[in-house]
**Student:** 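Structure provided below as structure tokens; questions to follow.
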Amino acid sequence: MMMRTSCILGAVLLTAACGVSNPEQEVAEDEVTVKTCLPNCPPPTKIAFASNRGSDPAHPINTYDIFVMGTDGTVLNRLTNDLVMDRRPKLNKARTQVVWQRDYGQTSPYVGDFEIVTANIDGSNMQRLTNWEGDDEQPAFSPDGTRIVFVHCTSRCSLYLMDANGQHLALLATDLQGAGSYITPSFSPDGLKVVFGYEALSTSDIPFRGIYRINVDGTGLVRLNEGPSNWTSFFPVYNAAGTKIAFTASISVQSLYERDLYAMNADGTGLVALQNGPEDDQCPAYSPTADTLVFERLTNSGSSSEIFMRSVNGTLTNLTNTVSANDVDPSWQ
């Protein structure tokens, strides 16, 4: 099942108490951000993420919730607070709504009936958009907020489009070779294309691994980057200008896997390493106006995952630093 390569992969999951800040703290976001990010400050924006901080001690793996924070790491809103696993949040460009995958099955960790839900950025008006056999996962808004691309998984995973209210469901792309899966889609800034990763589920699919692009009408499928034979590439995201794509490479090293961040031009040329140290880094998200990134890092100790910011000059800032909890799946708008 594709969950083994999603952001749901991670560390030993621990619990932590959560102190949720009052929404009025958002007023101070400008000032705090300037103090922490000089000289390459992004504009005041918001980052959505999932965390098991404050989760049920008896079910720390299952009970992830959705949070929204400022670019200084200050928690502004907690959207969910229950025993259900909520993962893979994505903000719309207007920063008024969040879409994510919610586990309605809860039969065991990471295996259940995932469906797509949306809510206002303050957690109000939560709506379930899908309700059919299989798992619906990894949603992302179109730039204008009117459509959602997502992954539907049974024995393999395909890409679907739907309106932001769950109507007009349409198949965008299905498997290339009969066994592999299309995973981790996101829109181009103009809303006309979707990029995604291809996961090989059998040895016959390995030659097809890479980052792909397709037009939203289902035409023009092209592989942008294949990578070395020991790579699986996923979580591609465009920068705001549509000129760059950052992604995660899961690299086989002596029968183990490490995850690093790479970037390339929008046409697949110009591959460069962004973060390829000893830590596991994945799930990149560009800032709305610059080439600043946030991403998920499994720390060297392996005890927790944190959300990091990488400025244009390569400076790293740990935004969450919760130590005893896992903060994952960042989305920046």
Side-chain angles (χ1 to χ4, degrees), residues 3 6-23 25-26 29 45-91 95 97-103 106 109-110 112 114 116-123 126 137-140 235 248 259 279-285 293-309 316-333:
M3 279 299 167
S6 77
C7 277
I8 288 176
L9 282 170
V12 177
L13 302 181
L14 305 175
T15 62
C18 177
V20 179
S21 303
N22 191 300
Q25 286 182 289
E26 183 177 352
E29 185 181 342
T45 51
K46 295 180 176 67
I47 297 168
F49 66 101
S51 178
N52 68 342
R53 58 176 76 182
S55 64
D56 177 9
H59 305 90
I61 296 178
N62 296 62
T63 53
Y64 275 78
D65 290 305
I66 304 301
F67 295 79
V68 174
M69 65 180 173
T71 52
D72 65 330
T74 302
V75 172
L76 305 175
N77 291 308
R78 181 172 185 163
L79 277 66
T80 61
N81 189 2
D82 51 35
L83 299 183
V84 178
M85 182 194 288
D86 296 300
R87 296 296 302 263
R88 295 285 290 144
K90 287 293 181 72
L91 286 157
R95 300 192 290 277
Q97 286 190 304
V98 183
V99 63
W100 71 91
Q101 64 187 54
R102 183 172 174 86
D103 188 353
Q106 291 293 287
Y110 308 147
F114 281 102
I116 306 300
V117 300
T118 59
N120 295 332
I121 200 166
D122 62 359
M126 189 168 76
E137 307 169 347
Q138 306 164 28
F235 298 118
T248 302
R259 292 174 178 82
E279 304 87 355
D280 274 347
D281 297 322
Q282 58 181 359
C283 305
L293 282 173
V294 289
F295 60 93
E296 171 192 332
R297 165 169 286 186
L298 176 62
T299 58
N300 274 329
S301 64
S303 62
S304 66
S305 293
E306 307 289 354
I307 306 300
F308 276 74
M309 177 189 293
L316 295 181
T317 304
N318 188 340
L319 296 181
T320 52
N321 201 25
T322 49
V323 181
S324 59
N326 285 289
D327 299 316
V328 297
D329 308 341
S331 168
W332 196 354
Q333 288 285 6

**Student:** Between OG1 of Thr45 and CZ of Arg95, what distance do you get to the nearest 0.5 Å?
**Tutor:** 6.0 Å
**Student:** Might you point out which heavy atoms bring Val68 and Leu79 nearest each other, and give the distance in Å?
**Tutor:** CG2-CD1, 3.7 Å
**Student:** With a 4.5 Å cut-off on side-chain heavy atoms, are Trp332 and Thr71 touching?
**Tutor:** yes
**Student:** Given 3.5 Å as the limit, does a donor-acceptor pair link the side chain of Glu306 with the main chain of Asp327, or not?
**Tutor:** no
**Student:** Kindly indicate whether the side chain of Met69, heavy atoms from C-beta on, has any atom under 4.5 Å from the side chain of Thr74.
**Tutor:** no
**Student:** For the residue pair Ile121 and Gln333, establish whether any side-chain heavy-atom pair is separated by less than 4.5 Å.
**Tutor:** no
**Student:** I need the minimum non-hydrogen distance between Pro330 and Ala285, along with the two atoms involved.
**Tutor:** O-CB, 3.8 Å
**Student:** Between atom CG of Asn321 and atom OG of Ser304, what is the distance when rounded to the nearest 0.5 Å?
**Tutor:** 8.0 Å
**Student:** Under 3.5 Å, is there a donor-acceptor pair linking the side chains of Asp82 and Thr80?
**Tutor:** no
**Student:** Using atom types as modelled and distance alone, determine if a side-chain donor or acceptor of Thr118 lies under 3.5 Å from a backbone N or O of Val98.
**Tutor:** no
**Student:** Nearest 0.5 Å, what's the OG-CZ distance between Ser51 and Arg87?
**Tutor:** 9.5 Å
**Student:** Does NZ or CZ of Arg53 lie under 6.0 Å from the centre of the six-membered ring of Phe67, at an angle within 45° of the ring axis?
**Tutor:** yes
**Student:** Between the main-chain N or O of Glu296 and the side-chain N or O of Ser305, is there a donor-acceptor pair closer than 3.5 Å?
**Tutor:** no
**Student:** Looking at CD1 of Ile307 and CD1 of Ile47, how far apart are the two atoms once the value is rounded to the nearest 0.5 Å?
**Tutor:** 8.0 Å
**Student:** Which atom names give the shortest non-hydrogen contact between Leu316 and Phe308, and what distance separates them?
**Tutor:** CB-CD2, 4.3 Å
**Student:** Quick one, Pro284 and Thr248 - any side-chain contact, counting heavy atoms below 4.5 Å?
**Tutor:** yes
**Student:** What I'd like to find out is whether the side chain of Trp100 reaches to under 4.5 Å of the side chain of Met126, using heavy atoms alone.
**Tutor:** yes
**Student:** Counting C-beta onward and ignoring hydrogens, is there a side-chain heavy-atom pair between Asn120 and Gln97 closer than 4.5 Å?
**Tutor:** yes
**Student:** Under the rule for side chain to side chain contact (heavy atoms under 4.5 Å, CB included), what residues qualify as partners of Asp280, not counting sequence neighbours?
**Tutor:** Glu258, Arg259, Leu298
**Student:** Between atom CG of Asp65 and atom CG of Asn81, what is the distance when rounded to the nearest 0.5 Å?
**Tutor:** 5.5 Å
**Student:** Donor-acceptor check, side chain of Asp329 to backbone of Pro89, threshold 3.5 angstrom: yes or no?
**Tutor:** no
**Student:** Quick one: closest heavy-atom pair of Glu137 and Gln101, and the distance?
**Tutor:** CB-OE1, 3.1 Å
**Student:** With the side chain counted from C-beta on, respond yes when Lys46 and Asn77 share a heavy-atom pair under 4.5 Å apart, and no when they do not.
**Tutor:** no
